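What follows is a set of notes on a single structure, which appears directly below.
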Amino acid sequence: MISTITIDGKTVPFTEEQTIMDAALAAGVYIPHLCHNPEFKPHGSCKLCVVEANGRNVTSCTMPASPGMVVVNDTPELNEDRKALVQMLFVEGNHICPACEATGNCQLQAAGYYLHMQSPHFMHFYPPRRVDASHPDIFLDLNRCILCELCVRASRDIDKKSVFGISSRGIDSHLVVNSESGRLGDTSMAVTDKAAHVCPTGAILIKRKGYTVPMGKRLFDQKTLPEFHLEQQKRVEPEDGPDGG
Amino acid sequence: MPSELETAANPEKLKRIVIEPVTRVEGHGKVTLLLDEDNRVHQARFHIVEFRGFEKFIQGRPYTEVPVLVQRLCGICPVSHNLAASKAMDVIVGATPPPAADKLRRLMHMGQMLQSHALHFFHLSSPDLLFGFDSEAGTRNIAGLAMEFPEIARQGIGLRKFGQEAIRMTSGKRVHGTGVIPGGMSKNLSCEDRNWLLGEIDQVVRWSQEAVNLIKRLYGEHKDFYNSFGYYRSSFMSLVGEDGAMDLYHGGLRAIDDKGQTIFDHVDYSHYGDYIREEVKSWSYMKFPFIRSQGREEGWYRVGPLARVNNCDFIPTPLAEAERKTFKEFDGGRATHATLSFHWARMIEMLHSAEAIRELLHDDDLLSDDLVNTGERQLRGVGVIEAPRGTLIHHYRINEDEQIVRANLIVATTHNNEAMNEAIRQVALQYLDGQQLTEGLLNYIEVAIRAFDPCLSCATHALGKMPLEVELIDAEGARIHHLIKDADGKHRA
């Protein structure tokens with residue numbers, strides 16, 4: 001038997017072990033997110049997907065759906081909070097969209113547009129962060145890392161290499177590279193690895209690619225962030241439906 | 001030769017007049033005049049008061065990012081920085097762009113030349129020329145122009161719009177596009193866009209002719225004044241094509257001295273450092289380049305439209321070439337060194353750009369998909385282009401990890417630094433010396449600066465050598481402590 005929850009009044013079916021996010025995306029209901037990617041185990045760090053479930057704020061990508069759950073998602077208040085989170089991500093790192101090769105393909109930038117972010121609002125931290133160009137094919141720019149852990153998960157769970165990890169805590173958290181020198185060039189990472197292609201921002205770039213995709217043909221020139229994320233969900237679903245038949 | 005106004009013996013005893021900001025130019029600058037009790041001018045200087053730092057903060061960035069990053073130096077001529085950097089990156093990726101990419105870049109560059117020249121002439125300078133240098137300041141602007149001469153203003157805006165559209169269609173955006181990539185282009189011109197440009201181009205050529213006629217008429221009506229205003233002779237430098245033709249996109253460096261004698265010719269610009277040096281002065285964020293063989297004192301020169309029209313043997317489009325000949329022959333050649341003839345030369349170039357676009361638009365290569373070449377990577381690349389304001393040099397070194405490790409940019413306005421200072425010294429001596437200063441008279445100084453169409457934002461690159469002056473002042477305004485860091489990095493109290 002299929003149970004249901006409601007999201008903003010819409011009835012959404014879910015199966016056992018599905019989170020609110022899984023159920024929503026499978027039903028074509030968009031909940032903004034950055035660190036979630038249906039190909040990987042949820043992480044729950046960016047907090048953009050926080051919704052109100054039965055009157056309580058929860059991270060929808062990690063909270064299991066339960067029968068009859070009443071979820072509030074697309075409200076001005078929640079979207080204001082999401083915008084503030086995106087603004088904080090912008091000022092916490094060094095995200096210079098005008099000079100970033102990921103512009104037009106960047107989910108952080110797209111989230112900013114989607115949430116009508118007009119300015120960073122907060123004071124920039126301008127943290128001094130490392131750039132690691134030691135790998136022959138991959139450029140690692142920690143200025144743009146939002147600690148989503150997607151590269152960590154991809155390298156560990158798909159590539160089976162565990163090239164990346166997060167070190168320290170709180171505001172000192174940062175991405176580290178698993179090699180004695182700490183340099184990406186001294187790891188076994190290859191440009192064909194999944195970890196090289198999951199970064200939602202421009203922190204992991206493929207060298208010599210640059211601006212080869214012209215304006216008008218970049219990812220978010222062609223589709224909105226919700227369209228992109230909903231398609232991402234469809235790619236991982238079995239062909240005969242979200243419940244696997 | 002710089003005049004005696006470069007330094008004053010006892011500046012602290014003199015009155016200081018400051019024009020700040022200098023208006024109707026790109027960026028922030030100021031002029032200081034030191035006068036004695038009889039209003040005799042003892043010093044006139046043009047200072048750049050903003051600081052950018054691009055050469056430093058691009059260090060460590062991947063070379064693929066740099067042409068897009070450095071174009072943010074400027075909102076008026078970003079295409080020039082984008083193209084100069086991309087030409088340097090062509091060298092770094094070891095590839096000559098395919099013919100289609102070369103033509104698309106030229107189309108973009110001609111669009112840039114057209115829009116920038118139109119902006120400068122119509123929006124920034126024509127109010128001085130049409131209303132008079134000391135006319136009512138409140139109407140001496142583009143709004144006043146639109147009221148008094150609506151058709152001229154309309155054509156100026158239309159010309160700029162066309163240039164911006166050509167840029168958008170080739171780069172992706174009117175300002176700060178990304179179409180140019182190392183080794184070529186990422187996009188071609190669509191048929192639809194070509195048809196739009198073709199539909200407009202005849203009118204654009206016609207308007208450009210009218211603009212040349214306008215400045216020619218003004219020049220003719222005020223021949224003696226225009227010829228003598230801030231007049232001095234100087235060397236000129238620009239790129240020229242292999243055959244001596246005006247080529248704004250690519251060529252070798254040519255410099256001629258104030259008597260028309262060749263200093264160097266068809267120089268491979270990747271060796272620019274053998275021919276040009278830069279000097280830092282303590283009172284400006286802008287460096288002072290000079291031609292090495294002429295020395296620090298005598299080696300300054302002018303770049304930009306006047307230099308290019310004077311330096312080239314011919315312009316390879318017929319209407320502009322006819323205008324070049326008229327210009328060169330005007331009044332026995334006297335206009336060729338006049339400060340205000342920059343405007344005339346600029347409009348000849350605008351006409352050339354319009355004609356060049358008309359020719360290019362009939363070339364089907366613009367629609368080609370063969371857009372990028374690759375080659376063997378190099379660690380050093382120099383790209384030079386003739387930007388609207390003059391010769392633009394971008395020089396980069398990368399490391400084995402493909403990061404920028406060193407960058408040097410010599411921007412058109414920087415080449416013209418000493419020349420602009422000389423122009424304001426001449427104007428100060430001619431018109432301000434001993435006079436009771438008025439807003440109108442001070443505008444004479446600004447008119448001389450505007451003739452060069454300086455872009456001060458682009459030109460501030462004396463990184464690491466900026467002089468600094470710190471004063472500690474108490475609540476009553478008395479100076480308690482004073483420390484100066486000189487251009488050589490030494491400190492003194």
Side-chain angles (χ1 to χ4, degrees), chain A residues 93-106 109 124 126-144 177 179 181-187 189 191 196 199 201-222, chain B residues 54 57-73 75 78 81-82 85-86 89 92-95 101 104 167-190 193 369 371-372 374-375 377 398-405:
Chain A
N94 298 305
H95 299 277
I96 317 293
C97 300
C100 179
E101 290 178 15
T103 187
N105 300 303
C106 171
Q109 184 189 45
H124 279 280
Y126 294 123
R129 290 202 190 157
R130 207 163 52 88
V131 169
D132 182 350
S134 59
H135 194 283
D137 300 313
I138 300 163
F139 192 83
L140 177 63
D141 187 346
L142 296 176
N143 289 291
R144 301 163 181 166
V177 172
S179 69
S181 63
R183 286 155 45 99
L184 196 61
D186 295 327
T187 68
M189 187 166 179
V191 71
C199 181
T201 72
I204 298 176
L205 293 171
I206 308 304
K207 283 188 176 177
R208 299 174 292 282
K209 188 161 169 266
Y211 293 88
T212 44
V213 179
M215 288 176 174
K217 299 208 166 149
R218 300 168 306 180
L219 181 61
F220 295 113
D221 293 332
Q222 317 234 33
Chain B
F54 274 72
F57 66 67
I58 62 170
Q59 288 177 7
R61 303 310 309 167
Y63 73 83
T64 45
E65 188 181 283
V66 165
V68 169
L69 201 166
V70 294
Q71 66 176 336
R72 298 275 169 174
L73 269 162
H81 289 288
N82 184 226
S86 296
M89 297 314 160
I92 279 176
V93 300
L104 284 158
I167 292 168
R168 181 183 65 76
M169 290 164 183
T170 44
S171 78
K173 265 167 82 185
R174 285 181 190 84
V175 184
H176 302 141
T178 61
V180 188
I181 56 175
M185 294 285 294
S186 67
K187 73 189 289 288
N188 57 15
L189 186 70
S190 72
D193 286 344
D369 289 323
L371 294 171
V372 191
T374 54
R377 194 163 67 247
I398 64 165
N399 60 18
E400 294 291 346
D401 290 337
E402 303 177 14
Q403 294 170 285
I404 301 290
V405 290

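All heavy atoms count here, side chains included; hydrogens, waters and symmetry mates do not. Model, not experiment: these values are computed from the prediction. Order of the sequence lines fixes the chain letters, A, B, ..., with proteins taken first and strands second; residue numbering starts at 1 for each chain.
- For B:Glu402, the side chain to side chain donor-acceptor pair (under 3.5 Å) partners are A:Arg208, B:Arg377, not counting sequence neighbours.
- Residues passing the ring-ring contact (aromatic ring centres under 6.0 Å, His included) test with A:Tyr211, sequence neighbours excluded: none.
- Between chain B and the options A:Pro214, A:Ser134, A:Gly210, A:Pro136, heavy-atom pairs under 4.5 Å are most frequent for A:Pro214.
- Heavy-atom pairs under 4.5 Å with chain A were tallied for B:Asn399, B:Ile181, B:Val68; the largest tally goes to B:Val68.
- Taking CD1 of A:Ile206 as the start and OG1 of B:Thr64 as the end, the distance is 11.5 Å to the nearest 0.5 Å.
- Residues A:Met215 and B:Ser171 come closest through the heavy atom pair SD-O, 4.2 Å.
- Within a 6.0 Å sphere centred on NZ of A:Lys209, other residues, nucleotides and ligands contribute 12 heavy atoms or fewer.
- Using a 4.5 Å cut-off between heavy atoms, B:Thr374 does not touch chain A at all.
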Problem set entry | Test log, rule side chain to side chain contact (heavy atoms under 4.5 Å, CB included), inputs B:Tyr63 and A:Lys207 | CA-CA 9 Å; B:Tyr63 73 83; A:Lys207 283 188 176 177; over 6 Å; no
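- In this view, A:Asp132 and A:Arg130 satisfy the salt bridge (charged side-chain N to carboxylate O under 4.0 Å, His left out) rule, not counting sequence neighbours.
- Heavy atoms closer than 4.5 Å to chain A are found in the side chain of B:Gln403, but not in its backbone.
- For residues 93-106 of chain A, a heavy-atom distance under 4.5 Å to chain B picks out A:Pro98, A:Ala99, A:Glu101, given by residue number.
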